[in-house]
Number of protein chains: 2
Amino acid sequence: MTENLTLQMDDYLPLRDVVFNTLREAILKGELKPGERLMEMHLATKLGVSRTPIREAIRMLEHEGLAVTIPRKGAQVAKMTEKDLQDVLEVRDALDALAVVCACERMTDAQFVELKEAMKAFEDATRTDDVRKIVETDEAFHDVIYAAAANPKLENIINSAREQMYRYRYEYVKNPSVYAQLIAEHKTIIDGFDRRDVEFLKKIMHTHLANQINAVREVIREQK
Amino acid sequence: MTENLTLQMDDYLPLRDVVFNTLREAILKGELKPGERLMEMHLATKLGVSRTPIREAIRMLEHEGLAVTIPRKGAQVAKMTEKDLQDVLEVRDALDALAVVCACERMTDAQFVELKEAMKAFEDATRTDDVRKIVETDEAFHDVIYAAAANPKLENIINSAREQMYRYRYEYVKNPSVYAQLIAEHKTIIDGFDRRDVEFLKKIMHTHLANQINAVREVIREQK
DNA sequence: TTTATTAAGATTGAATACAAAGAACAAACA
DNA sequence: TGTTTGTTCTTTGTATTCAATCTTAATAAA
């Protein structure tokens with residue numbers, strides 16, 4: 001009689017995590033701008049919690065590279081310089097290469113199907129005006145590859161690197177003239193996996209990433 | 001008369017950072033063992049602070065991969081499985097390769113001198129019984145290379161990967177029979193930089209890392 | 001003996017309180 | 001006018017408090 005009392009205890013999340021996710025989203029979407037101060041009391045009242053979970057969330061953002069805090073002066077949304085971007089891209093380039101090598105070896109048939117579906121979803125999204133959806137489906141496409149690499153540590157690190165450029169990348173994707181190229185590149189990537197051609201894939205991934213650099217750089221220049 | 005009153009206001013560190021460093025050290029040195037619970041009150045009284053900075057430090061350890069917390073149950077020192085180690089090594093291998101490519105391009109003469117000095121310091125350290133000093137000088141040698149890569153983001157990520165194996169690596173270095181090999185490899189690395197031979201360096205770094213795998217794997221097996 | 005049940009204690013989650021540092025602004029002085 | 005000093009207000013750092021949940025150990029029931 002009481003078996004359905006097993007309530008949803010598993011969807012409990014500490015407030016610090018809720019706050020963390022909220023702030024993270026806000027930063028990535030640009031609602032909180034680079035350089036903007038993160039004042040504890042302000043955020044606390046805005047989110048309807050006390051300062052304690054805010055502070056813990058800020059510590060987490062800090063380690064994610066999304067916030068910077070100066071002792072006794074408080075935290076602010078991390079700014080990225082052009083050099084920072086260059087550095088992150090350099091790293092991500094290397095990690096993307098590793099990811100395709102691993103994924104090429106380890107991708108299951110199911111994952112390959114998933115990849116083709118993700119490709120389709122992205123293509124569909126570009127036909128809408130929903131930039132958010134476009135960005136998400138693009139990310140999802142790459143997520144499949146990273147998951148196929150079957151290396152959670154790698155996935156984490158790539159995600160954190162990705163996250164650091166995300167804010168700027170958003171602007172890049174707003175420009176519809178790049179859709180055709182992105183779609184073409186995704187198709188080529190699928191082709192590469194079909195043939196399990198590692199060297200080819202490494203090259204493509206590199207190009208794919210490099211294409212973003214100038215656009216993102218542009219956005220960064222404007223910021224300052 | 002009063003010019004030397006300028007006191008050291010710059011060495012202030014929030015307690016959370018002090019606690020973070022303390023716990024981090026303790027974990028890396030093995031004083032806090034994998035799986036050991038990190039109880040807030042216990043740590044707080046032991047370190048003579050309140051729970052607040054402890055909690056913030058734990059959030060930081062968490063994001064460093066050194067602690068894992070389960071909501072409402074508390075944090076514990078992160079355990080590493082063999083698979084985790086494999087994964088981290090795979091990543092580090094790729095990043096090391098990137099680091100030597102960058103360092104090869106960008107290493108200054110001063111840094112090359114530094115590298116040779118670090119080599120010497122390590123060689124000296126192996127002649128003592130001070131395992132701590134041996135580990136430190138070995139790390140310092142690699143630090144010079146990473147610094148020469150002139151990519152702080154890369155440096156950060158490598159450090160965090162490095163940190164995750166550090167605990168296990170400690171055991172490896174305790175065995176004096178590996179010193180000779182390590183010294184030889186360091187010499188070869190210097191040689192590679194002298195000739196700016198990127199491909200050669202990539203290979204050497206890979207070997208250098210691979211040599212540690214089995215030893216560390218052994219230690220991990222014992223743990224469980 | 002084994003399995004449920006439950007009460008007590010321990011531990012984490014979150015809010016609040018208080019102290020200390022920093023920022024902003026105004027009054028005093030050159 | 002411009003600089004300096006003092007005062008007040010804001011904000012962060014840390015400690016403390018209270019509530020919720022988990023663990024445990026003891027007790028009761030099978």
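In this text the structure is predicted, and so the values were computed from the model without any measurement. Note on naming: letters A, B, ... go to the chains in the order of the sequence lines (proteins, then strands), and numbering restarts at 1 for each one.
- At the heavy-atom level, Arg16(B) lies under 4.0 Å from the strands shown only through sugar-phosphate atoms.
- Counting only N and O atoms by type, the side chains of Glu163(B) and Ser160(B) include no donor and acceptor under 3.5 Å apart.
- DNA chain D is contacted by both Thr52(A) and Ala75(A); Ala75(A) maps to the nucleotide lying nearer its 5′ end (nearest heavy atom per residue).
- Looking at Asp96(B), its side chain never comes within 3.5 Å of a backbone N or O of Met205(B) through a donor-acceptor pair.
- When heavy atoms are screened at a 4.0 angstrom cut-off, Ile54(A) is found touching no nucleic acid atom at all.
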Produce the list of close N/O pairs, under 3.5 Å, pairing protein atoms with atoms of nucleotides 18-20 of chain D; give distances to one decimal.
none

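- Distance Glu62(B) CD to dG13(C) C1': 14 Å, rounded to the nearest Å.
- In this structure, the CG atom of Leu47(B) is 17 Å from the C1' atom of dG13(D), given to the nearest Å.
- A donor-acceptor distance shorter than 3.5 angstrom exists from the side chain of Arg106(A) to the backbone of Ala149(A), with no hydrogens or angles considered.
- The residue Ile58(A) sits apart from the nucleic acid: no heavy atom pair falls under 4.0 Å.
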N/O contacts under 3.5 Å, protein versus nucleotides 6-11 of chain D?
none

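- Looking at Asp130(A), its side chain does come within 3.5 Å of a backbone N or O of Lys133(A) through a donor-acceptor pair.
- Residue Ser50(B) places at least one side-chain N or O under 4.0 Å from the OP1 or OP2 atom of dA15(D).
- Side-chain atoms of Asn156(B) never come within 3.5 Å of backbone atoms of Lys153(B) as a donor-acceptor pair (strictly under, hydrogens ignored).
- Under the 3.5 Å distance criterion, with hydrogens and angles disregarded, a donor-acceptor pair is assigned to the side chains of Arg162(B) and Asn159(B).
- Judged by distance alone, the side chains of Tyr168(B) and Arg217(B) never bring a donor and an acceptor atom under 3.5 Å apart.
- When atom types are taken as modelled, the side chain of Asn21(A) and the backbone of Asp17(A) share a donor-acceptor pair closer than 3.5 angstrom.
- Checked against salt bridge (Lys or Arg N to Asp or Glu O under 4.0 Å), Asp93(A) has no partners two or more places apart in sequence or in another chain.
- Distance Arg55(B) CZ to dT16(D) C1': 13 Å, rounded to the nearest Å.
- Rounded to whole angstrom, the span from the CG atom of Leu38(B) across to the P atom of dT11(C) amounts to 13 Å.
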